[in-house]
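To start, the structure itself, in structure tokens.
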Amino acid sequence: MSPYSVLVTGANRGIGLGLVRELLKDSGIGVIVATARDIENAQKLKEVQDPRLHLLQLDVNCDKSIKTFYEKLSGVVGENGLNVLINNAGVLVNYTSEQEPSRKDLLKQIETNTISVVVLTQKLLPLLDRAASQKPPSEFSINRAAVLNISSGLGSIGNNTIGSTEKGFLAYRISKAGLNQFGKTFGIDVKNKGILVSSFCPGWVQTDMGGEQAQLTTEQSAEALVSSFHRLNAEHTGLYFDRNLKPLEF
Ligand code: NDP
């Protein structure tokens, strides 16, 4: 079994693009919606040719963009609703350990990585609800309805023994810890609707954010993540995992 529809935010490059390519290998999926802030210049995404793929503009930090996106997405998924929302779009603002992150840098990361995920997920809830209501109450999986947040191991408070490091991860850590709290809280809130919520660290991945020296290719990360998504059930909701579904400490 596969979900009918899947949405990936920030899909024009990096892990988001890797997830789209991996998901398209599943012939059971009927619709994949991939979003980009700038569709015109989303060259790599446009090169992916598949009739199931729908490209829509979305800046997760812009309410006007979210509103227009919601209307278009509703038309694409129709009466089936949306089975899976993958909140992947994220930012890391680099600064050195000698510098304190400015208010602007703190806000940018917390806005994109935390607040916008909350706002977008709440906006899309009616579509997730619609999909969930069409499956038996006993089913709890991505085939019914799920919100999957791409977090980071750096969001773990329990595993933080090294501080912000010379790379200046303070604001990023705060933003992903906030995202994890959202996943936990929202997971409890929507469990009775049959909507699964889980957060994932994709590993250290070769992207613009992860850098060339990172351990994993986008293909390796996406393959592991998608395999884990398929194994999710009621026991996993609200929790936080690595890409191989090993539990991570909040
Ligand atoms: P990239 O920097 O390569 O890509 C980030 C994506 O997010 C781009 O598509 C970007 O769009 C999009 N994005 C940023 N801001 C917005 C916005 N306001 N609205 C819509 N889209 C936006 O990062 P990765 O692919 O590496 O990261 C993907 C996710 O994985 C992030 O949430 C990140 O925190 C997480 N992660 C990554 C790790 C890594 O090692 N790479 C490790 C742990 C977690 P645009 O091109 O327009 O900027």
Are side-chain N/O atoms of [X] and [Y] paired as donor and acceptor at under 3.5 Å?
| X | Y | result |
| --- | --- | --- |
| Thr185 | Gln181 | yes |
| Asn88 | Thr9 | no |
| Ser198 | Asn149 | no |
| Asp59 | Ser65 | no |
| Asn180 | Ser151 | yes |

Return the [atom1] to [atom2] distance between [X] and [Y], rounded to the nearest 0.5 Å.
| X | Y | atom1 | atom2 | result |
| --- | --- | --- | --- | --- |
| Leu248 | Ser199 | CG | OG | 9.5 Å |
| Ile86 | Leu225 | CD1 | CG | 8.5 Å |
| Gln122 | Leu128 | CD | CG | 11.5 Å |

Item to complete: List the steps, then state whether side chain to side chain contact (heavy atoms under 4.5 Å, CB included) holds for Ser5 with Leu82.
Response: CA-CA 6 Å; Ser5 57; Leu82 176 66; 3.8 Å; yes
Between [X] (side chain) and [Y] (backbone), is there a donor-acceptor pair under 3.5 Å?
| X | Y | answer |
| --- | --- | --- |
| Glu235 | Leu232 | no |
| Ser116 | Val60 | yes |
| Arg13 | Ala42 | no |
| Asn244 | Lys246 | no |
| Thr114 | Ser175 | yes |
| Arg144 | Gln134 | no |
| Trp204 | Gly210 | yes |
| Lys135 | Asn143 | yes |
| Arg21 | Glu219 | no |
| Ser74 | Tyr70 | yes |

For the residue pair [X] and [Y], establish whether any side-chain heavy-atom pair is separated by less than 4.5 Å.
| X | Y | result |
| --- | --- | --- |
| Val118 | Ile115 | no |
| Val205 | Thr217 | no |
| Phe169 | Ile174 | no |
| Gln57 | Thr35 | no |

Practice prompt. Verify side chain to side chain contact (heavy atoms under 4.5 Å, CB included) between Asn83 and Val6, making sure each step is shown before the conclusion.
Written response: CA-CA 6 Å; Asn83 296 105; Val6 183; 5.9 Å; no
Nearest heavy atoms of [X] and [Y], plus distance in Å:
| X | Y | answer |
| --- | --- | --- |
| Leu196 | Ser141 | CD1-CA, 3.8 Å |
| Val93 | Gln109 | N-OE1, 3.2 Å |
| Pro202 | Ile15 | CG-CD1, 3.7 Å |
| Gly90 | Asn113 | CA-OD1, 3.2 Å |

Worksheet item: Between Thr121 and Asn87, does a side-chain hydrogen bond (donor to acceptor under 3.5 Å, both in side chains) hold up when you go through it step by step?
Response: CA-CA 8 Å; Thr121 305; Asn87 286 309; 3.1 Å; yes
Discussion item. Please determine whether side chain to side chain contact (heavy atoms under 4.5 Å, CB included) holds for the pair Val197 and Leu148, giving the CA-CA distance in whole Å, both sets of side-chain angles, and the decisive distance to 0.1 Å.
Written reply: CA-CA 6 Å; Val197 185; Leu148 308 175; over 6 Å; no
Worksheet item: Parallel, tilted or perpendicular for Phe182 and Phe186, by the 30°/60° rule?
Response: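 Parallel.
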Worksheet item: Which ILVMFWY residues can you reach from Val91 by hopping between side chains whose heavy atoms are under 4.5 Å apart?
Response: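 Reading the cluster by chain and number, Val91 sits alone, since nothing else belongs.
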Worksheet item: Does the ring center of Tyr240 lie less than 6.0 Å from the ring center of Phe200?
Response: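 No, too far apart.
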Worksheet item: If you draw a 6.0 Å radius around NZ in Lys123, do more than 12 non-hydrogen atoms from other residues or ligands fall strictly inside?
Response: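 Yes, NZ of Lys123 has more than 12 neighbouring heavy atoms, counting only those of other groups under 6.0 Å.
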Item to complete: Answer yes or no: does atom CD of Gln43 have more than 12 heavy-atom neighbours from other residues, nucleotides or ligands under 6.0 Å?
Response: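 Counting neighbours around CD of Gln43, more than 12 heavy atoms of other residues, nucleotides or ligands fall under 6.0 Å, so yes.
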Worksheet entry | Sidechain N-carboxylate O distance under 4.0 Å for Lys25, Glu22 |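 Result for this pair is yes, salt bridge flagged.
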Discussion item. With side chain to side chain contact (heavy atoms under 4.5 Å, CB included) as the criterion, how do Leu124 and Val147 come out once you've worked through the C-alpha distance, each side chain's angles and the decisive distance to 0.1 Å?
Written reply: CA-CA 10 Å; Leu124 301 190; Val147 177; over 6 Å; no
